[in-house]
Amino acid sequence: MAAVCCWALLLIAFLPALILQDADARFGAALAAQCVVVAHSGGALTRVLTDTSVRLVAFGFWLFVYVWLGLAPLAMLATDAYPLEYRTGESTAFAAAVLSEVGLLAYSAGVALAATREGARSTVLEPLLSRRLAPLPVLLLCGISLVLAAVLIPGQEGGVGAFFTSRQALRQSGADPDLAHALRVWALAVPAFWAAVGLVHLPRLSGGDRLLRATRWMLLPLLLALNVLVNNPISRPRFWAGTVLLVLLFSWRRFSTPRAFRVTAVALTAVVLFAFPYSDYFRYDEREVVHVVALAEQFSSNMDYDAFQQMQTGIDYVQENGFSPSAVLGPVLFMVPRSMWPDKPQTTGIELAQYAGYDFHNLSAPLWIESYLWGGAPCVVAVFCLLGAAGRRMDDIRARLRDRHGTLAALLVPAYAFYQLIFLRGSLMAIVGPLLLLMTVPLLITRAARPPRLPSPVRTPAPTGPAPIPGHRRHP
């Protein structure tokens, strides 16, 4: 109880008060609504950090909401300062804060509905997450990853050096900025990542695995080196590099205990709050001295926290252009080329950037505004209610399977939990391809778990002694 009170005071009272004090706050309806969002997300994050069970999906969701849609908008509304040039009125800011809270209420409702069926077995997720790593598919994926690296890396402009070049330098050089280049990079990064994870967590064979162990020790250094090459934070986005590291960490059985999870989650929360804004050091070719600034200034000036401002832009966009129900087809049919589908919806972040008149289009579009563009608040409620229910079910199943080694739950749930930071930030159409690859590759290296053997029925032992003669009565 003492830990709950301490964390609640820190997340709901102290940090928001620190931001408002530094920001010389200007109070209004929008700021009041945003305080509700901070209290809701801070309370939920407190519960996750002090819970007696491990809830990775809930942690990833509430961590994103608390920082990107909680504290960052609080600083922006208090100072009336934003990282981008587009400005909206007080009513739009209030609507954006209310839209955030509507999504959170729907998510919490979905979690509560799933919690009422905590003991029930899911007919879809349970068999899926119970799948176990299989040696042959894992080894095949390792071989495919190494072959892809041997074929694609030499053909890349800049060769191996391109993977240790900042993204700013790559963008300025104009090296393959098209979709084909992105697909090649993800085709290297995701299989290499899962091949290394699968090799590390491959369960031992019951009949002896000397050959398997020798093969694993031979392949593991190669795959670790390949991951350092294709999944490093210099040329890859910070969110993705962080996902790789966190999956490796939380898929380790030692971090499946509630105590280890709480300690690590607290450390991660501190890193995201205070160190993440400075982690773009490798993004730029010309690196400057790092200047540490107050949280309020960091949140209101850094483009990493553009989510709330993009929500305001999206609300203005809807008021002028109306809803776009057909936009939901974009993420679903993202692989269809525009040459075959001329009216294919634009990526939402780019669409909003063009509407606001920005020259720079690499901006976010949080899932709140994506679903709002499809059909308003009802779509937001439906999307987040399903998201909350699915997340709670995944956490429950992972908890039930924590004693089984090499299950898909131990690998896929952490991957989804931390990729949420990219998924929630958006744009959907820009990240749905890597997300699909991240979720489907593990299915190819696992096999369905064998159902537990039921004990054989106990048969009543036959009576001893000679069999009775028909028609003859035995006397005592």
Side-chain angles (χ1 to χ4, degrees), residues 33 36-37 40-41 44 55-70 73 95-117 122 124-125 239 307-308 310-315 317-318 321-334 345-349 351-352 363-396 413 415-436 438-439:
V36 175
V37 175
H40 188 167
S41 57
R55 302 209 174 276
L56 285 176
V57 178
F59 173 63
F61 179 86
W62 290 114
L63 179 63
F64 173 85
V65 172
Y66 182 71
V67 176
W68 272 266
L69 293 182
V98 170
L99 182 62
S100 298
E101 181 60 20
V102 167
L104 300 188
L105 290 172
Y107 186 89
S108 299
V111 170
L113 288 172
T116 60
R117 296 175 51 82
S122 171
V124 177
L125 286 177
F239 285 103
F308 183 71
Q310 284 288 88
M311 288 178 63
Q312 296 183 56
T313 306
I315 291 172
Y317 176 89
V318 168
N321 300 288
F323 296 115
S324 306
S326 61
V328 72
L329 298 176
V332 177
L333 304 174
F334 73 98
Q346 182 62 274
T347 302
T348 304
E351 185 77 16
L352 297 180
L363 300 175
S364 67
L367 187 60
W368 285 257
I369 198 62
E370 289 254 19
S371 53
Y372 181 76
L373 289 173
W374 299 340
C379 283
V380 178
V381 171
V383 167
F384 280 91
C385 190
L386 290 173
L387 204 63
R392 177 59 188 253
R393 296 294 280 172
M394 284 190 279
D395 278 336
D396 288 342
V413 174
Y416 171 75
F418 295 111
Y419 196 82
Q420 275 186 117
L421 274 70
I422 309 174
F423 172 69
L424 294 171
R425 188 170 181 257
S427 300
L428 260 186
M429 199 154 67
I431 60 92
V432 69
L435 176 63
L436 184 63
L438 184 69
M439 296 292 109

Quick one: do F323 and C379 satisfy side chain to side chain contact (heavy atoms under 4.5 Å, CB included)? Show the steps, please.
-> CA-CA 11 Å; F323 296 115; C379 283; over 6 Å; no
Test log, rule side chain to side chain contact (heavy atoms under 4.5 Å, CB included), inputs L387 and F423 | CA-CA 12 Å; L387 204 63; F423 172 69; 3.9 Å; yes
Decide yes or no on side chain to side chain contact (heavy atoms under 4.5 Å, CB included) for V383 and Y372, but give the supporting numbers first.
-> CA-CA 10 Å; V383 167; Y372 181 76; over 6 Å; no
Given side chain to side chain contact (heavy atoms under 4.5 Å, CB included), test M394 with Y416 step by step and report yes or no.
-> CA-CA 10 Å; M394 284 190 279; Y416 171 75; 3.3 Å; yes
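For the pair A96 and F308, the tightest heavy-atom approach, listed with the atom from each and the gap, is CB-CE1, 3.6 Å. Here the shortest heavy-atom pairing between L113 and C385 reads CD1-SG, 4.3 Å. Contact between G391 and V57 at its shortest, heavy atoms only, is CA-CG1, 3.6 Å. Considering all non-hydrogen atoms of both residues, S427 and A365 come closest at OG-CB, 3.4 Å. When all heavy atoms of V65 and S41 are compared, the closest pair comes out as CG1-CB, 3.6 Å. Summarising the geometry of V111 relative to G388, their closest heavy-atom pair is CG2-O, 3.5 Å, with the distance given to 0.1 Å.
Interatomic distance, CZ of F61 versus CG of L104, reported as 5.5 Å (0.5 Å rounding). A distance of 11.5 Å separates CZ in R393 from CG in D395, rounded to the nearest 0.5 Å. Separating the CG atom in L373 from the CG atom in L352 is a distance of 6.0 Å, to the nearest 0.5 Å. One distance of note links CG of L424 with CH2 of W68; it measures 10.5 Å at 0.5 Å rounding. Rounding to the nearest 0.5 Å places CG of L421 at 6.0 Å from CG of L63. For the atom pair CD1 of I369 and CG of L99, the computed distance is 6.0 Å after rounding to the nearest 0.5 Å.
For the pair F384 and L367, the minimum side-chain heavy-atom distance is below 4.5 Å. Residues F418 and F59 form a side-chain contact, since some pair of their non-hydrogen atoms from C-beta on lies under 4.5 Å apart. The closest side-chain heavy-atom distance from Y419 to I431 is below 4.5 Å. Looking at heavy atoms from C-beta onward, R425 lies in side-chain contact with F239 at the 4.5 angstrom threshold.
The backbone N or O of E351 lies less than 3.5 Å from no partner atom in the side chain of Q346, so there is not a single donor-acceptor pair. Checked by atom type and distance alone, the side chain of E101 never pairs as donor or acceptor with a backbone atom of V98 at under 3.5 Å. Under the 3.5 Å distance criterion, the side-chain polar atoms of S108 are left unmatched by any main-chain donor or acceptor of L105.
One side chain, T348 or E370, offers a donor N or O that lies under 3.5 Å from an acceptor on the other.
Aromatic ring orientation, W62 versus Y107: perpendicular (interplanar angle above 60°, classes split at 30° and 60°).
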